[in-house]
Amino acid sequence: SFSFTKIKKDLTMESHNNMNLDMEKDQEKGFDYSKRAQWLRAAVLGANDGLVSTASLMMGVGAVKQDIKIMILTGFAGLVAGACSMAIGEFVSVYSQYDIEKAQMKRDQTRGGEAEKEKLPSPTQAAAASALAFSLGAVVPLLAAAFVKEYKVRIGVIVAAVTLALVMFGWLGAVLGKAPVVKSSLRVLIGGWLAMVITFGFTKLIGSQGHMYA
């Protein structure tokens with residue numbers, strides 16, 4: 001009777017331990033998926049920034065200058081400047097987080113070792129990912145305008161390409177962030193349109209005023 005009870009207790013404890021291990025594994029997987037989703041969502045937002053800022057720059061210049069070379073050069077300058085700005089900002093931000101977590105690891109005597117070091121954020125990877133995401137978004141209006149010489153057609157092609165990309169980025173951001181797809185896509189789309197319209201309108205206004213006083 002004693003041995004049977006002991007065996008039963010051992011089996012029960014082993015079962016509980018296995019259940020705890022399974023729960024820990026599930027939590028780790030959930031954490032990994034959540035972390036990946038956050039990175040992907042940040043990449044989508046970075047690409048959206050590159051898309052909207054570069055397209056708005058090109059539309060603004062296009063409001064006063066119809067030359068395709070000027071528009072492309074402006075867009076390319078916006079791509080390079082924006083990618084560098086995003087990379088530097090992300091590097092500084094993630095490096096600050098890296099320093100904080102590293103200091104916490106040194107204070108925590110119960111943790112440490114190679115396994116923990118691998119979990120530290122990489123400022124270089126974050127900066128490269130941010131710059132790449134911005135550049136991918138910025139390439140869309142550049143490619144749309146590169147092969148269209150007619151001014152009005154070029155503007156229309158840029159707006160169409162940017163609209164399609166905005167809807168796609170809005171959809172991806174909603175899926176990754178588990179938000180309503182239609183509302184999220186509309187917010188991104190309307191925001192991108194407003195940025196282009198405002199930039200085009202103000203640049204057109206200032207350009208016309210400049211011609212008046214020239």
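Excluded from the calculations below are hydrogen atoms, water molecules and symmetry mates; all remaining heavy atoms, backbone and side chain alike, are included.
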Subject >> Contact list for residues 130-152, test side-chain hydrogen bond (donor to acceptor under 3.5 Å, both in side chains), sequence neighbours left out >> reply: none
Original post:
Between atom CZ of F76 and atom CG of L73, what is the distance when rounded to the nearest 0.5 Å?
Top reply: 9.0 Å
Subject >> Results of ring pair (Phe, Tyr, Trp, His ring centres under 6.0 Å) for Y98 - residues two or more places apart only >> reply: Y95
**OP:** Kindly write out the residues that satisfy side-chain contact (heavy atoms from CB on, under 4.5 Å) with I72, not counting sequence neighbours, or none if the list is empty.
**Re:** M58, I68, L142, A145, A146
**OP:** For residues A144 and V157, report the shortest heavy-atom separation together with the two atoms involved.
**Re:** O-CG1, 3.3 Å
Original post:
Okay, side chain of S53, backbone of D49: is any donor-acceptor separation there less than 3.5 Å?
Top reply: yes
Subject >> Heavy-atom pair with the smallest gap, counting every atom of V52 and A195 >> reply: CG1-CB, 3.6 Å
Subject >> ILVMFWY cluster, M59 and V139 together (side-chain gap under 4.5 Å) >> reply: yes
Original post:
Do L143 and M168 share a hydrophobic cluster, counting only Ile, Leu, Val, Met, Phe, Trp and Tyr and linking them when any side-chain heavy atoms are less than 4.5 Å apart?
Top reply: yes
Subject >> E101 atom CD, over 12 foreign heavy atoms within 6.0 Å >> reply: yes
Subject >> Same apolar cluster: L172 and V188, side chain cutoff 4.5 Å >> reply: yes
Original post:
Honestly curious: do V167 and V181 fall in one hydrophobic cluster under the side-chain, below-4.5 Å linking rule?
Top reply: yes
Subject >> Closest approach of G60 to T199 (non-hydrogen atoms, all atoms of both residues) >> reply: CA-CG2, 3.8 Å
Subject >> Sequence neighbours excluded - side-chain hydrogen bond (donor to acceptor under 3.5 Å, both in side chains) pairs with any residue from residues 58-76 >> reply: none
Subject >> Heavy-atom pair of closest approach, residues I158 and M71 >> reply: CD1-SD, 3.7 Å
Subject >> Selection residues 176-209 - residue pairs positive for ring pair (Phe, Tyr, Trp, His ring centres under 6.0 Å), sequence neighbours left out >> reply: none
Subject >> Gap separating the CG atom of L79 from the SG atom of C84, nearest 0.5 angstrom >> reply: 9.0 Å
Original post:
T54 and G75: which non-hydrogen atoms are nearest, and at how many Å?
Top reply: CG2-O, 3.5 Å
Subject >> Verify same cluster id: F134, V44 (apolar side-chain graph, 4.5 Å) >> reply: no
Subject >> Inter-residue atom distance I198.CD1 - M196.CE, 0.5 Å rounding >> reply: 11.0 Å
Subject >> Closest non-hydrogen atom pair between A133 and A43, with its separation >> reply: CB-O, 3.4 Å
**OP:** Starting from L136, walk the hydrophobic network (Ile, Leu, Val, Met, Phe, Trp, Tyr; side-chain heavy atoms closer than 4.5 Å) and list everyone else you reach, by chain and number.
**Re:** L132
Original post:
S122 versus V94: any side-chain heavy-atom pair under 4.5 Å?
Top reply: no
**OP:** Quick one: pull up CG in L189 and OG1 in T163 and give me the separation to the nearest 0.5 Å.
**Re:** 6.0 Å
